[in-house]
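Here is the structure we will look at, set down as structure tokens.
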Amino acid sequence: MSEDKSKISELSRRGFIKVGATAVTAASMPMFFVKDAWAAKDFRNNPGNAGSVKFGFNVPQTGAYADEGADELRAYKLAVKHINGEGDGGMLNTMKPLSLKGNGILGKKVEYVTGDTQTKSDAARASAKRMIEKDGVVMITGGSSSGVAVAVQGLCQEMGVIFMAGLTHSNDTTGKDKRRYGFRHFFNAYMSGAALGPVLQKEMGTERKAYHLTADYTWGWTQEESIKNTTEALGWQTTAAVRTPVGAGDFSQYITPVLNSGADVLILNHYGKDMINSLTQAVQFGLRDKQVNGKNFEIIVPLFSRLMAQGAGDNIKGILGTTNWHWSLQDEGSKAFVKSFGQEYGFPPSQAAQTTYVQALLYANAVESAGSFYPPEVIKQLEGFKFDGAGNGPTEYRADDHQCFKDVLVVRGNEAPSSQFDILKVEQIVPRSQVEYDAKIFGGELGPYEV
Amino acid sequence: MDAILLQILNGLDKGGAYALIALGLTLVFGTLGVVNFAHGALFMLGAFCAVTVQKILTISMKVKDESITFFDAYKEQPYLEIWFGDFGTAIIDWSVPISILLAMPIMLLIGLAMERGLIRHFYKRSHAEQILVTFGLAIVLQEIVKSFFGANPIPSPAPGIVSGSAPIGVLLGLGESVVYPWWRMIYLLFSGAVIFAVFAFLQFTTFGMVVRAGMHDRETVGLLGIDVEHRFTIVFGIAAVVAGLAGVMYAPILPPDYHMGMDFLVLSFVVVVVGGMGSLGGAVAAGFLLGILQSFASMNEVKAIIPGIDQIIIYLVAVIIILVRPRGLMGRKGVMED
């Protein structure tokens with residue numbers, strides 16, 4: 001018996017030595033055998049052992065979208081607070097799965113620098129480049145235009161820094177111009193069309209003649225194409241699709257041909273100031289009071305923004321469109337974000353604020369999950385990432401094109417607003433399954449992980 | 001036929017705005033010799049007079065929406081409506097025409113302050129320096145407006161009675177579908193009246209005669225013992241009032257934003273150059289001409305032949321006119337040719 005005991009004891013001692021030796025060997029092995037291996041591999045703006053990392057917030061601080069840019073910046077500052085464990089935590093309390101612990105990213109405090117895109121591609125690229133080269137940011141995010149998003153995304157791919165797009169709705173951003181280093185949480189023109197289709201059919205029938213006025217740049221073109229595909233599938237005819245210069249101001253020369261075109265629907269593929277002006281002027285020309293082909297003339301604004309819609313005043317009332325998110329949503333993620341944002345700033349966040357806030361959290365979470373800031377590893381964490389609790393229901397970052405798939409909102413200009421923020425009324429939350437599509441239809445190549 | 005009529009009206013309307021801004025630019029250039037890049041900002045400030053009057057008239061009692069707890073959401077009811085009922089509503093409805101009364105003295109003061117406070121110090125400097133300082137001033141004015149009103153356009157509707165469209169097709173026997181907004185027709189008449197008033201002022205008053213004489217030969221008028229500089233300062237004020245009124249009346253057509261002046265300024269400079277530097281008649285004629293050409297170039301039939309022509313027509317015409325007539329349509333010899 002005693003012999004047996006000593007034998008067991010001897011084996012245990014040997015075992016202990018073996019385990020200890022293995023552990024010491026493993027600990028002394030090169031870093032790439034362990035989780036945080038890539039921390040040792042050098043890459044652009046590797047934070048190394050620094051106690052903090054910097055994000056680059058590239059938003060329009062001047063120009064027509066400056067108010068939207070200011071709201072994005074507010075959301076980013078809130079996101080940084082929450083990531084660093086300050087404030088009430090916002091969506092960190094609702095987002096699942098979540099690796100973030102409220103102590104920064106991988107224990108590093110998040111700081112930020114800002115740049116002004118001016119809603120111009122060249123200015124946006126220059127400002128992103130400055131933040132990457134001079135400020136050493138690990139990630140660029142923001143923007144309020146597809147032209148800017150595509151331009152900055154291309155630069156970020158070249159420079160090996162991840163770009164988390166802000167408000168960009170063109171199909172091209174995650175279609176023909178998609179990039180491995182670019183990710184879009186915001187919805188796109190295809191989804192707007194797919195979400196609007198059934199509502200248009202129900203409200204306006206299948207025998208309509210549509211006239212498009214389209215902003216003459218990447219976003220306008222893809223929205224026109226997507227909405228045309230949707231309406232023509234319903235049986236509608238497209239009477240004309242006219243391109244208008246961005247920032248035209250006075251659209252009267254484009255609106256008067258609508259009067260005699262035989263069309264009974266005007267689709268305004270305009271955003272921001274162009275949308276405000278074209279809608280205001282279309283109403284002045286009496287289009288909403290017209291009867292054509294025995295039907296009430298209708299105006300549709302496929303992409304709505306509450307922040308920008310205020311400029312159109314009463315003209316927005318009753319107009320149908322889509323939006324990515326709205327502060328009145330009652331899911332836990334939206335409520336948590338609206339509460340944090342509202343208490344911080346005294347008013348509700350815009351859809352631009354929500355998408356940028358979520359983008360900042362998603363990047364931070366991906367780094368935390370990867371255990372490294374090494375971009376290829378972070379990209380792999382984001383690709384195919386499924387999450388919930390960030391508004392818009394269960395969401396997936398599709399690996400094939402880096403487009404987020406989630407619920408889309410069909411909204412209508414509120415006829416009887418109860419407050420100054422109650423401009424849009426959510427008509428329908430269109431489920432994600434209705435707006436999904438095959439990534440191949442828009443072509444494009446993501447490009448390499450290693451640059 | 002009806003399409004052409006509507007595009008002519010569009011062109012005249014747009015041309016009216018161009019002509020009013022270009023008229024002021026030319027007045028300032030012809031009298032003071034200053035290329036005023038801040039002139040577009042005066043147009044914008046005029047529009048914001050309308051916004052300000054509307055904001056003042058709609059100062060409201062706020063009733064908090066208790067269902068919203070995370071921030072202050074409230075429904076507003078203007079005090080004017082509470083105090084005066086329908087009469088208060090009517091005053092608010094007419095805020096844009098009312099703001100003309102406010103805009104005239106304010107724009108005059110702004111113009112005088114701008115000239116006395118800054119621009120007069122640059123009379124003897126080069127045109128390049130004048131352009132730089134006035135451009136800088138325009139940016140400062142824009143940013144001041146942006147800090148108060150934000151970057152988004154602000155709706156400034158026309159009075160309800162003229163917010164719809166006039167059935168001009170029915171009146172002219174062209175059918176019901178030919179309509180044109182009442183406010184745009186008012187704007188057209190208004191711009192015509194202001195242009196006429198400025199010309200009449202210059203043509204039929206002693207003050208105007210001195211100004212015209214000063215535009216031709218400042219030195220000789222000065223030698224006659226007339227204080228030309230004083231009169232030119234007033235001309236700057238008048239130019240500011242004209243630009244401001246153009247802005248006020250344009251507010252219902254184009255919801256004002258801080259950048260609207262810059263959008264019009266570039267086109268108005270093209271108008272001045274096409275009309276001929278220093279020529280008041282040229283500025284007005286070129287304003288209407290380019291407005292109409294821009295409207296016709298936007299017709300689908302024209303765009304089908306030359307795609308994108310609507311975006312370049314003004315510059316194309318400017319290039320051709322400068323090549324054929326280097327001084328512009330009605331330019332005077334010796335102006336900006338030193």
Side-chain angles (χ1 to χ4, degrees), chain A residues 60 62-70 216 240 242-245 247-257 259-261 272-273 276-277 280-281 283-287 289-290 292 307-308 310-315 327 335 338-343 345-348 417-422, chain B residues 2-3 6-7 9-11 13-14 17 62 64-65 67-76 143 146 150-158 163-165 167 169 175 177-184 252-255 257-260 263-264 294-300 303 307-308 310-311:
Chain A
T62 55
Y65 298 144
D67 283 4
E68 205 154 58
D216 200 2
V242 176
R243 303 280 160 88
T244 60
D250 184 6
F251 287 87
S252 60
Q253 70 267 37
Y254 301 103
I255 292 169
T256 42
L259 297 169
N260 276 335
S261 64
K273 212 162 100 175
I276 291 168
N277 292 335
T280 301
Q281 292 159 16
V283 173
Q284 281 172 1
F285 270 89
L287 286 179
D289 308 322
K290 262 172 92 75
V292 181
L307 207 60
M308 306 296 291
Q310 295 173 81
D314 286 349
N315 300 315
W327 63 268
K335 281 200 298 193
V338 173
K339 182 181 173 203
S340 293
F341 193 99
Q343 287 176 345
Y345 302 114
F347 46 83
S418 62
S419 76
Q420 76 273 40
F421 305 119
D422 194 22
Chain B
D2 43 357
L6 287 173
Q7 292 298 9
L9 283 172
N10 283 335
D13 205 47
K14 222 187 299 287
K62 294 173 178 175
K64 197 169 180 320
D65 181 350
S67 66
I68 309 283
T69 52
F70 301 144
F71 48 84
D72 287 338
Y74 40 79
K75 198 173 172 88
E76 298 178 54
E143 291 304 311
K146 195 174 110 182
N152 275 351
I154 301 168
S156 313
S163 64
S165 284
S177 64
V178 183
V179 295
Y180 204 73
W182 281 111
W183 190 258
R184 283 178 183 264
I253 296 172
L254 206 64
D257 71 277
Y258 78 105
H259 201 262
M260 69 188 294
D263 298 339
F264 272 83
Q294 198 180 19
S295 291
F296 277 106
S298 308
M299 289 175 78
N300 296 346
K303 285 177 76 175
D310 54 327
Q311 305 196 27

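Proteins get letters first, then strands, A, B, ... in listed order; numbering begins at 1 in each.
Distance CD/A:Q253 to CG/B:D310: 7.5 Å, rounded to 0.5 Å. Distance check: B:L254 CG to A:K273 NZ gives 7.5 Å after rounding to the nearest 0.5 Å. Note that NZ of B:K75 and CG of A:D422 are 8.5 Å apart. Values are rounded to the nearest 0.5 Å. Note that CG of B:L6 and CZ of A:F285 are 7.0 Å apart. Values are rounded to the nearest 0.5 Å. One finds the OG atom of A:S419 at 5.5 Å from the CG atom of B:D65 (value rounded to the nearest 0.5 Å). Atom CZ in B:F71 sits 10.0 Å away from atom CZ in A:F341 (nearest 0.5 Å).
Both the backbone and the side chain of A:A66 come within contact range of chain B, judged by heavy atoms closer than 4.5 Å. In this structure, chain A has a heavy atom under 4.5 Å from the side chain of B:K146, while its backbone stays farther away. With a 4.5 angstrom heavy-atom cutoff, A:I255 does not touch chain B via any of its atoms. Within the 4.5 angstrom heavy-atom criterion, only side-chain atoms of B:I68, from C-beta onward, approach chain A. Contact annotation for B:Y258: only side-chain heavy atoms (C-beta onward) come within less than 4.5 Å of a heavy atom of chain A. For B:K303, the part lying near chain A is the side chain, with the backbone staying farther off; criterion is any non-hydrogen pair under 4.5 Å. Contact annotation for A:T62: both backbone and side-chain heavy atoms come within less than 4.5 Å of a heavy atom of chain B. Neither the backbone nor the side chain of A:D289 comes within contact range of chain B; no heavy atom of the residue lies under 4.5 Å from a heavy atom of that chain. For A:F421, the part lying under 4.5 angstrom from a heavy atom of chain B is the side chain only.
Listed options A:G313, A:A70, A:G63, A:S340 were ranked by heavy-atom pairs under 4.5 angstrom with chain B; first place goes to A:G63. Top candidate by heavy-atom pairs under 4.5 Å with chain B, chosen from A:N260, A:V242, A:T244, A:I276, is A:N260. Per-residue counts of heavy-atom pairs under 4.5 Å with chain B were compared for A:P348, A:P417, A:G346; the largest is that of A:P348. The most heavy-atom pairs under 4.5 Å with chain A, out of B:L9, B:V178, B:D72, come from B:D72. When each of B:K14, B:K64, B:R184 is checked for heavy-atom pairs under 4.5 Å with chain A, B:R184 comes out on top.
Checking side-chain atoms of A:Q420 against main-chain N and O of B:Y74 turns up a donor-acceptor pair under 3.5 Å. In this structure a side-chain-to-backbone donor-acceptor pair under 3.5 Å is missing from B:S163 to A:Q284. Looking only at distances, no side-chain donor or acceptor of B:D263 sits under 3.5 Å from a matching main-chain atom of A:G247.
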Go through the steps to decide whether A:D250 and B:Q294 satisfy the test side chain to side chain donor-acceptor pair (under 3.5 Å), and finish with yes or no.
CA-CA 11 Å; A:D250 184 6; B:Q294 198 180 19; over 6 Å; no

Pair A:D216, B:Q311 - check side-chain contact (heavy atoms from CB on, under 4.5 Å), show working.
CA-CA 10 Å; A:D216 200 2; B:Q311 305 196 27; 3.1 Å; yes

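Closest non-hydrogen pair, B:P155 versus A:A312, comes out as CB-C, 4.3 Å. Nearest heavy-atom pair across B:S165 and A:G286 is OG-N, 3.5 Å. The nearest pair of heavy atoms linking A:Q281 to B:I253 is NE2-O, 3.0 Å. Across all non-hydrogen atoms, the minimal contact from B:P252 to A:T280 is O-CG2, 4.1 Å. Here the shortest heavy-atom pairing between B:N152 and A:L307 reads ND2-O, 2.9 Å. Between A:A240 and B:N300, the shortest heavy-atom distance links the atoms CB-ND2, 4.4 Å.
Atom NZ of A:K335 has more than 12 neighbouring heavy atoms from other residues, nucleotides or ligands inside a 6.0 Å radius.
For the residue pair A:S252/B:D13, the side-chain donor-acceptor check at 3.5 Å is not satisfied.
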